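As the structure is a prediction and not an experimental result, all values here were calculated from the model. Keep in mind that the numbers below use all heavy atoms, side chains included, and drop hydrogens, waters and symmetry copies. Lettering of chains follows the sequences in order, A, B, ..., and the numbering in each one begins at 1.
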There are 2 protein chains.
Amino acid sequence: MKNQKIDRRVKYTRMVIKEAFIDLLEKKDISEITIKEICENADINRATFYAHYNDQYDLLRKIEDEFLDNIKEYLDMLDNIRDYHGEPGRKSKQADHVLLAEKIFEYIKENAKLCKLLLSERGGLHFQKKVMKLVYDPIISELTKNSGVTKDEAEYVYSFTITGCVGFVQKWLDDDMKKSTHYMAETVIKLTMGLIDLLKGK
Amino acid sequence: MKNQKIDRRVKYTRMVIKEAFIDLLEKKDISEITIKEICENADINRATFYAHYNDQYDLLRKIEDEFLDNIKEYLDMLDNIRDYHGEPGRKSKQADHVLLAEKIFEYIKENAKLCKLLLSERGGLHFQKKVMKLVYDPIISELTKNSGVTKDEAEYVYSFTITGCVGFVQKWLDDDMKKSTHYMAETVIKLTMGLIDLLKGK
DNA sequence: ACGATTTGTCAACACAATGTTTATTATCAA
DNA sequence: TTGATAATAAACATTGTGTTGACAAATCGT
């Protein structure tokens with residue numbers, strides 16, 4: 001049910017479409033990009049585009065979904081490594097979270113070009129929140145469990161935190177990722193924990 | 001230089017265009033809205049639209065600018081009232097901030113229809129940050145002054161906070177503003193101050 | 001290596017929205 | 001009331017859209 005083998009021609013077509021689209025997206029807003037333009041840059045027929053996508057927005061959504069899948073896969077990989085080398089209780093929970101967050105920042109740095117498009121101002125906030133939720137949900141849920149905080153109360157602070165992380169990452173990307181991934185990870189965990197402590201100690 | 005009197009016909013035209021556009025924006029995404037459609041709903045000629053705006057996006061930008069101006073005006077008004085009734089030192093700074101924030105949430109509630117469009121997921125994050133900066137800059141700058149925090153260090157936390165506020169307000173709007181404005185104000189100030197304290201106590 | 005299948009190409013198509021222009025009419029400010 | 005300004009209506013070339021059907025090329029399973 002997962003990977004039915006995809007025809008090489010299809011792979012190629014989708015690849016060049018995405019590349020051409022991303023190139024265009026670096027120069028102008030999605031609303032100014034036409035299908036015709038994408039096809040010319042990708043050197044494929046316009047009818048071929050319509051065999052794969054409905055329009056620019058559908059294409060972007062599928063690129064976003066792919067990005068989400070890649071992040072998921074990356075997180076799973078990290079989990080497996082952690083299980084394998086598992087040294088329970090050696091390090092503090094906090095240090096563990098920082099390490100995980102640091103890995104994520106490294107992932108973003110390695111995929112800077114795409115991340116700049118999808119996660120910076122150009123991308124949609126809804127998608128960005130999805131990414132942050134994917135990444136920070138395990139962290140936040142663990143940090144909040146056994147804290148006696150009501151779900152309803154927590155949700156507003158949670159919204160604040162998730163969206164805050166988006167802005168935090170955007171700032172980093174806009175800044176050309178000058179701060180170290182370690183600094184970013186340490187700070188974001190500090191901020192997140194700080195907010196949770198505020199919630200607990202109310 | 002401010003208010004040259006505007007022809008009544010122009011006022012009317014711009015009004016019906018905005019109304020028609022906002023109605024459409026409640027039903028579908030801006031990318032699906034055509035100029036033709038706006039003009040039909042506004043019952044004006046298409047050439048007239050082009051006499052005022054370049055396209056949908058230009059129109060939206062001008063609506064956003066107008067919204068920003070209104071917020072500014074509202075903030076100035078609050079400042080004047082505060083000066084007039086000024087009771088220096090009576091209440092704590094914190095209580096003062098909460099009151100100001102509460103007023104803002106009341107303003108949002110009173111303009112719920114437009115705010116839902118501009119500040120919720122549908123709107124652009126860049127604009128939303130602008131609004132939040134306008135509102136929280138005075139608060140944050142006062143809270144951070146004399147704290148010995150470096151600008152560079154503060155900027156990342158500042159980005160986190162501003163964007164966090166966006167998500168916080170969106171959550172409220174998505175939730176149909178069930179929580180009281182007082183609760184929202186108190187919480188947002190608590191969170192903001194909490195983050196600043198983290199910055200100070202590093 | 002084969003044949004069947006799938007995919008991409010090409011040209012053509014009707015259609016719709018765009019942005020601009022012109023002459024004409026209606027409305028405004030003074 | 002009058003001169004100025006704004007909105008209208010109709011027309012126009014242009015451009016992108018989305019779809020179609022015949023054809024060629026590449027791919028896959030065997």
*asked:* Rounding to an integer number of Å, can you tell me how far A:Asp58 CG sits from D:dT17 P?
replied: 14 Å
*Just compare C:dT20, C:dG8, D:dT17 and give me whichever is closest to any side-chain atom of B:Tyr50.*
C:dT20
*asked:* I'd like to know if the side chain of B:Lys103 reaches the main chain of B:Leu78, judged simply by a donor and an acceptor atom lying under 3.5 Å from each other, with no hydrogens or angles considered.
replied: no
*Can you check ring pair (Phe, Tyr, Trp, His ring centres under 6.0 Å) on B:Phe49 and B:Tyr53, steps first, answer last?*
CA-CA 6 Å; B:Phe49 180 93; B:Tyr53 309 101; 5.6 Å; yes
*asked:* Go through it in stages, so that I can follow the logic: the residues are B:Asp7 and B:Tyr12, the test is side chain to side chain donor-acceptor pair (under 3.5 Å), and I'd like the CA-CA distance, side-chain angles, deciding distance and then a yes or no.
replied: CA-CA 9 Å; B:Asp7 195 306; B:Tyr12 172 81; over 6 Å; no
*Could you state the CG-P distance from B:Leu59 to C:dG19, rounded to the nearest angstrom?*
13 Å
*Atom CD1 of A:Ile33 to atom P of D:dT17: distance rounded to whole Å?*
12 Å
*Step-by-step side chain to side chain donor-acceptor pair (under 3.5 Å) determination, B:Asp175 to A:Tyr156*: CA-CA 10 Å; B:Asp175 237 37; A:Tyr156 278 79; 3.0 Å; yes
*What do the steps show when you test A:Lys129 against B:Glu121 for salt bridge (charged side-chain N to carboxylate O under 4.0 Å, His left out), and what is the final call?*
CA-CA 10 Å; A:Lys129 283 188 186 173; B:Glu121 303 271 0; 3.1 Å; yes
*Rounded to whole angstroms, how far apart are OH on A:Tyr53 and P on D:dG16?*
22 Å
*A:Lys179 to A:Tyr183, cation-pi by 6.0 Å centre distance and 45° axis angle*: yes
_In this structure, how many angstroms lie between the C1' atom of D:dT17 and the CG atom of A:Asp55, rounded?_
11 Å
*Atom CG of A:Leu24 and atom CD of A:Gln56: how far apart are they, to the nearest 0.5 Å?*
10.5 Å
*Closer to the 5' end of DNA chain C via nearest nucleotide, is it A:Ala51 or B:Ile35?*
A:Ala51
Polar atom pairs between nucleotides 10-15 of chain C and protein, under 3.5 Å, N or O only, would you list them?
none

*Find which nucleotide of DNA chain C each of A:His52 and B:Thr34 is nearest to by heavy atoms, and output the residue with the more 5' nucleotide.*
A:His52
*Would you kindly give the CD1-to-P distance between B:Ile44 and D:dA6, to the nearest whole Å?*
15 Å
*Has B:Lys171 got its NZ or CZ under 6.0 Å from the middle of the six-membered ring of B:Phe168, at an angle within 45 degrees of the ring axis?*
no
_Could you tell me how far apart B:Glu40 (CD) and D:dA9 (P) are, to the nearest whole angstrom?_
13 Å
Please list each protein N or O that sits under 3.5 Å from an N or O in nucleotides 24-28 of chain D, with the distance.
unit_1 : atom_1 : unit_2 : atom_2 : d
D:dA26 : N3     : A:Arg9 : NH1    : 3.0
D:dC28 : OP2    : A:Arg8 : NE     : 3.2
D:dC28 : OP2    : A:Arg8 : NH2    : 2.9

_Distance, nearest 0.5 Å, that separates CG of B:Leu59 from CD1 of B:Ile35_ = 8.0 Å
_Between D:dG16 (P) and A:Gln56 (CD): distance, integer Å_ = 12 Å
